[in-house]
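This chain uses plain numbering: 1 for the first residue, then up along the sequence. We count ligands from 1, going down the list as the structure has it; atoms in each ligand are counted the same way.
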Amino acid sequence: MIKVGIAGSGGISYAHANAYLALKERAKVVAVSDVELGRAEALAKYLGGAKVYSDYKDMVESEDIDAVDICLPHHIHKEAILYSIEREKHVICEKPLTTSLSDAEEIEAKVKESKVVFLPAHTNIFIPSTQEAKRIIAMGTIGKVLTLRTTDCFRGNVTGWRTKKELMGGGELIDTGYHPTYLMLYLANSEPTEVFAYLERFVQRMEGEDTALVLIKFKDNSIGLIHSSWAYDTPYGHQYFSVSGEYGELFGGGNKIGLKMHGWQEVKKELAWKDGFLGEIEHFINVIEKREKPIQTVSDSLKVMRVIAAAYKSAEEGKPIRL
Ligand SMILES: NC(=O)c1ccc[n+]([C@@H]2O[C@H](COP(=O)([O-])OP(=O)(O)OC[C@H]3O[C@@H](n4cnc5c(N)ncnc54)[C@H](O)[C@@H]3O)[C@@H](O)[C@H]2O)c1
């Protein structure tokens, strides 16, 4: 039984809590924390009981836990990751890795020096359409990948710490835009070499951008387009992708996947649904128990941070940035 402490008891901690409840034979959340104690108490109640702390450091220090699940605002990720790994706790951390590239490099080095498991919570890697797309691309069905598009757009109402660039590390791109970025790098399976971005704040009252369009050139000559926004909804749901290959087109999102080979009708399939949070936390447990090799590491997260930092630089300078 893996004993877990959750740092941060806000919105997303409930998605993590649901996963631990579903995996209750293998992991137990024994403690939760939040600077707003009422939030920690509410999460503890939802979980059917857990010790409550206002300071996550006290929780990590005092509780007999194996792992820390970080669901904190972005500007506290670095401190919380380092505090936890220094105390030899395994860590799963919500995106982004941290708020700056230099901090991300420091975290990567410290994680690599440590003996603990670190899993970036790249949720959408674990949803059925991503795994099926990865499998189809690897089989060579669509041939060489030419272009890729990953999208994550929804109209929201941005408030609180998300309105501040300093606490976010940027705007929408380093928050929701982090998902289509790691998804792009995972499906492309080639090293990004150049990044060009347009970032705009269309409707939200926030310091950073609410919309990002980012072009990535890869080493194998393929090109990716990331489209992410909090300014509007998109017609096919908020998260989806498409990949054009030599022989055909692959597209999907959630539990749906489609394949359209050149000259043939498209074939669509509904896959058995598996929640991405459940998938990532189950994988985290499997990696700790040495049943699985991690499919995402701190270095994958650092690559995402490199692309995002280059996108911010590109938007600022109005030119492509070589990585
Ligand atoms: N994977 C996804 O789809 C997804 C969706 C939403 C959020 N997230 C990520 O989850 C993280 C949290 O986002 P959220 O939407 O839950 O935010 P939130 O504001 O709802 O929750 C954050 C919580 O952290 C608490 N907190 C702040 N400082 C603290 C400290 N020093 N110690 C303990 N608690 C502290 C706040 O009081 C708040 O309850 C972010 O990294 C965000 O990007 C991921």
List ligand 1 atoms under 4.0 Å from Y56, heavy atoms only on the residue side.
32 (N)

Can you list everything that forms a salt bridge (charged side-chain N to carboxylate O under 4.0 Å, His left out) with K24? Sequence neighbours excluded, please.
none

Below a 4.0 angstrom heavy-atom separation, can you tell me which part of H77, side chain or backbone, both or neither, approaches ligand 1?
side chain

For residues F241 and L183, report the shortest heavy-atom separation together with the two atoms involved.
CD2-CD2, 4.2 Å

Got the closest protein heavy atom to atom 17 (O) of ligand 1, with its distance?
W161 CZ2, 3.6 Å

With a cut-off of 4.0 Å, which atoms of ligand 1 are near a heavy atom of F277?
1 (N), 2 (C), 3 (O)

Could you identify the single nearest non-hydrogen protein atom to atom 41 (O) of ligand 1 and state the distance to 0.1 Å?
K95 O, 2.8 Å

R39: numbered ligand 1 atoms lying under 4.0 Å from its heavy atoms
36 (C), 37 (O), 38 (C), 39 (O)

Where does the angle between the aromatic ring planes of H90 and F284 fall among parallel (under 30°), tilted (30 to 60°) and perpendicular (over 60°)?
perpendicular

For ligand 1, is there an atom lying under 4.0 Å from some heavy atom of A7?
no

Within the 4.0 Å heavy-atom shell around H74, which atoms of ligand 1 are there?
40 (C), 41 (O), 42 (C), 43 (O)

List the residues meeting salt bridge (charged side-chain N to carboxylate O under 4.0 Å, His left out) with R201, not counting sequence neighbours, and say none if there are none.
none

Relative to Y186, does K134 satisfy both conditions: NZ or CZ under 6.0 angstrom from the six-membered ring centre, and within 45 degrees of the ring's axis?
yes

Closest non-hydrogen protein atom to atom 31 (N) of ligand 1, residue and atom name please, with distance?
I76 CD1, 3.7 Å

Establish, yes or no, whether a centroid distance under 6.0 Å links the rings of H227 and Y232.
yes

Can P73 be said to touch ligand 1, with heavy atoms closer than 4.0 Å?
yes

Check this for me - ligand 1, A121, N or O atoms closer than 3.5 angstrom, yes or no?
no

Atom 4 (C) of ligand 1 - nearest protein heavy atom and its distance
I12 CD1, 3.5 Å

Any nitrogen or oxygen of G11, main chain or side chain, under 3.5 Å from a nitrogen or oxygen of ligand 1?
yes

re atom 12 (C) of ligand 1, the protein heavy-atom contact at minimum distance is C71 O, 3.4 Å

Do me a favour and list the nearest non-hydrogen protein atom to atom 26 (N) of ligand 1 with residue, atom name and distance?
V35 CG2, 3.6 Å

Please tell me whether H262 and Y247 form a close aromatic pair, meaning their ring centres lie under 6.0 Å apart.
no

Residue G10 vicinity, atoms of ligand 1 by number, heavy atom under 4.0 Å
16 (O), 20 (O), 21 (O), 23 (C), 39 (O)

Considering V32, D34, I6 one by one, which has a heavy atom nearer to atom 36 (C) of ligand 1 than any of the others?
D34

Is any side-chain N of the basic residue among E132 and R135 closer than 4.0 Å to the acidic one's carboxylate O?
yes

For the residue pair F154 and W230, does the interplanar ring angle fall in the parallel (under 30°), tilted (30 to 60°) or perpendicular (over 60°) class?
tilted

From atom 42 (C) of ligand 1, work out which of M168, E94, R162 has a heavy atom at the shortest distance.
R162

Within the 4.0 Å heavy-atom shell around T123, which atoms of ligand 1 are there?
1 (N)

Between ligand 1 and S13, is the shortest N or O to N or O distance under 3.5 Å?
no

Which atom names give the shortest non-hydrogen contact between V52 and A44, and what distance separates them?
CG2-CB, 3.7 Å

Please state whether the rings of Y46 and Y14 are parallel, tilted or perpendicular, taking 30° and 60° as the class boundaries.
perpendicular

Does the side-chain contact (heavy atoms from CB on, under 4.5 Å) test come out yes or no for E280 and Q296, once each step is laid out?
CA-CA 10 Å; E280 77 191 4; Q296 290 283 277; over 6 Å; no

List ligand 1 atoms under 4.0 Å from H179, heavy atoms only on the residue side.
1 (N), 2 (C), 3 (O)

Proximal candidate to atom 35 (C) of ligand 1 [heavy atom criterion; set L72, N124, T176, T98]:
L72

For the pair Q204 (side chain) and V158 (backbone), establish whether a donor and an acceptor sit closer than 3.5 Å, ignoring hydrogens and angles.
yes

